[in-house]
Structures are given as structure tokens and as C-alpha cells.
Amino acid sequence: MPIGTQFPYPNVLQLSRLSAKNQKLLNLGNNTYLLQYFTGISQAEYDGRNSEENPYEGPLDETEQRIIIFAGEKQISKELPGITGSLILPLPGNKILVQERENTEIEEEFTRFSIYQLQSN
């Protein structure tokens with residue numbers, strides 16, 4: 001979309017819901033970065049997933065999120081599946097603090113977190 005495009009531009013809503021987007025870039029240290037992004041979906045996919053009772057929010061759909069790892073100036077991983085939850089911040093030792101999604105079925109009294117560690121095979 002061109003810079004300076006005025007709202008309401010007919011494609012703004014469609015592009016914001018359907019287009020691929022970078023979501024998080026975390027610096028893990030030692031010139032290593034983790035990029036989480038939304039892959040984007042087609043209008044037909046959006047129409048099939050969206051309903052009045054359960055509105056579809058593409059960028060929050062964990063099945064459409066991917067992760068890529070970079071070291072130096074090169075991509076060192078294939079596209080990896082996204083992590084369930086919100087990536088919060090990098091921790092020492094190639095670890096990442098992740099806030100888990102809340103369970104909408106029950107009222108939770110605390111926020112749950114997990115720690116993931118980047119390891120190479």
C-alpha cells in the first residue's frame with residue numbers, strides 16, 4: 001500500500017486481516033535473531049474461518065504463525081511452526097520467555113509463562 005494512502009481505502013481492511021506481517025523480532029545475542037511472522041491467508045480462507053460468534057483474527061491465529069532463525073546475515077533454519085502464546089522477551093542462553101494464552105473456559109487467577117530454549121541439532 002502506498003505511503004500516504006488515506007483511510008478508508010477499500011483494501012485497507014482486507015490487507016490488515018489477510019496479508020503476511022512480521023510480528024516479533026527478538027535479539028538472542030551473539031548476532032542471532034528470531035523472527036516470528038503471520039503467513040497471511042486468502043480471502044476465501046478468511047471467509048471460511050470468520051463468523052459472527054467467533055470472529056477470525058488472522059495475526060492471532062497460531063496455526064498461521066511461523067518462526068525463522070538468523071545468525072549473522074544468514075537464515076539458519078527452515079520455517080518453523082509458531083510457538084503457542086506470546087513471545088515476550090529473550091533470556092540468556094538462547095531462551096525465550098513466552099506468555100501462555102489464557103483459557104477462556106475458566107477464570108484464571110494468574111498469568112502463566114513458559115520458557116523455550118533454542119537448540120540446534
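FYI, side chains are in, hydrogens and waters are out, and symmetry mates aren't considered; it's all heavy atoms of this structure.
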After noting the C-alpha distance and the side-chain angles of Arg101 and Glu62, does the key distance pass the salt bridge (Lys or Arg N to Asp or Glu O under 4.0 Å) rule? CA-CA 10 Å; Arg101 298 272 185 237; Glu62 293 169 349; 2.7 Å; yes
Is it the case that over 12 heavy atoms from other parts of the model lie below 6.0 angstrom from the CD atom of Glu79? yes
In the structure I gave you, are the side-chain heavy atoms of Ile68 and Leu80 within less than 4.5 Å of one another anywhere? no
Could you tell me whether the side chain of Asn50 and the main chain of Tyr56 form a donor-acceptor pair under 3.5 Å? yes
Does a donor on one side chain sit under 3.5 Å from an acceptor on the other, for Gln99 and Ser86? no
Shortest non-hydrogen pair, Gln36 vs Leu87, comes out as OE1-CD1, 2.7 Å
Ile41 vs Arg49 side-chain heavy atoms within contact, under 4.5 Å: yes
Heavy-atom count check: over 12 atoms from other residues, nucleotides or ligands less than 6.0 Å from Gln117 CD? yes
Using every non-hydrogen atom in the two residues, find where Ile88 and Lys24 come nearest and quote the distance to one decimal. O-NZ, 4.3 Å
Establish whether Leu35 and Ile76 are linked, either directly or via other cluster members, by ILVMFWY side-chain heavy-atom contacts under 4.5 Å. no
Between Ile69 and Tyr33, is there a shared hydrophobic cluster once you connect ILVMFWY residues whose side-chain heavy atoms come closer than 4.5 Å? no
Can you tell me if Asp61 and Thr63 form a side-chain donor-acceptor pair at under 3.5 Å? yes
Shared hydrophobic cluster, Phe70 / Leu34 (ILVMFWY, side-chain heavy atoms < 4.5 Å): no
Taking the side chain as everything from C-beta on, heavy atoms only, tell me whether Pro81 gets closer than 4.5 Å to Ile67. no
Can you measure from CD1 (Ile96) to OG (Ser114) and round to the nearest 0.5 angstrom? 11.5 Å
What are the two closest non-hydrogen atoms of Glu45 and Ser42, and how far apart are they? OE1-N, 2.9 Å
May I ask whether Tyr116 and Leu28 are part of the same hydrophobic cluster, defined by side-chain heavy atoms of I, L, V, M, F, W, Y residues being less than 4.5 angstrom apart, directly or through others? yes
Say whether Asp47 and Gln43, considering side chains only, have a donor N or O and an acceptor N or O under 3.5 Å apart. yes
Determine, step by step, whether Glu64 and Lys21 satisfy the salt bridge (Lys or Arg N to Asp or Glu O under 4.0 Å) criterion, reporting the C-alpha distance in whole Å, the side-chain angles of both residues, the deciding distance to 0.1 Å, and the verdict. CA-CA 11 Å; Glu64 298 297 337; Lys21 294 180 183 57; over 6 Å; no
A side-chain contact here means heavy atoms from C-beta on lying under 4.5 Å apart; do Ile115 and Leu91 qualify? yes
Between Leu89 and Phe113, is there shared hydrophobic-cluster membership here, with clusters defined by ILVMFWY side-chain heavy atoms closer than 4.5 Å? yes
Taking Thr32's backbone N and O only, do any of them form a donor-acceptor pair with Asn30's side chain (distance below 3.5 Å, no angle check)? no
